[in-house]
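Here the structure comes first, spelled out in structure tokens, and everything after it is commentary.
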Amino acid sequence: AMPMEDWQSRTERIEREACRMQIKLSSFEIQTLVAFGWLHACGVRLAVIEVGMGGCLDATNVLEGAWQLAAIVGPIGLDHQAWLGADLLD
């Protein structure tokens with residue numbers, strides 16, 4: 001597990017860089033960047049990453065090419081309607 005000090009340090013570094021670049025990141029996007037950075041720093045060679053809310057617009061969906069070994073599509077639900085729209089077409 002990542003020590004809390006590392007989590008805080010990595011989070012603050014990403015927030016500073018996003019501010020400098022004038023990029024607005026959600027807390028989930030920041031958490032995703034922290035996690036990906038930690039996995040890389042630990043030398044993780046294979047990880048299962050769940051794409052959540054938004055599918056192709058999800059923060060975890062930045063992995064592609066050589067970084068993406070496989071993709072599995074599961075059932076699509078309506079649990080994030082407040083953010084994504086009222087039906088599956090939205």
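Because the structure is a prediction, the values reported are computed rather than measured.
A continuous path of ILVMFWY side-chain contacts below 4.5 Å connects Leu33 to Ile30, so both sit in one hydrophobic cluster. Neither Val48 nor Val44 shares a network with the other; the hydrophobic side chains, linked directly or stepwise wherever heavy atoms of I, L, V, M, F, W or Y lie under 4.5 Å apart, form separate groups for each.
Between atom CD of residue Gln8 and atom CD of residue Glu15 there is a gap of 10.5 Å, rounded to the nearest 0.5 Å. Of the inter-residue distances, the one linking Leu25 atom CG with Ile14 atom CD1 reads 8.0 Å to the nearest 0.5 angstrom.
Here the shortest heavy-atom pairing between Met2 and Val34 reads CE-CG1, 3.9 Å. Between Trp38 and Ala1, the shortest heavy-atom contact is CZ2-O, 4.3 Å.
In this structure, the side chain of Thr60 does not engage the main chain of Ile49 through any donor-acceptor pair within 3.5 Å. Proximity of a side-chain donor or acceptor of Ser9 to a complementary backbone N or O of Glu5 within less than 3.5 Å is not detected. Glu29 contributes a side-chain N or O that, together with a main-chain N or O of Ser26, makes up a donor-acceptor pair within less than 3.5 Å.
Inter-residue side-chain proximity for Trp7 and Gln31 is flagged as met; some heavy-atom pair is nearer than 4.5 Å.
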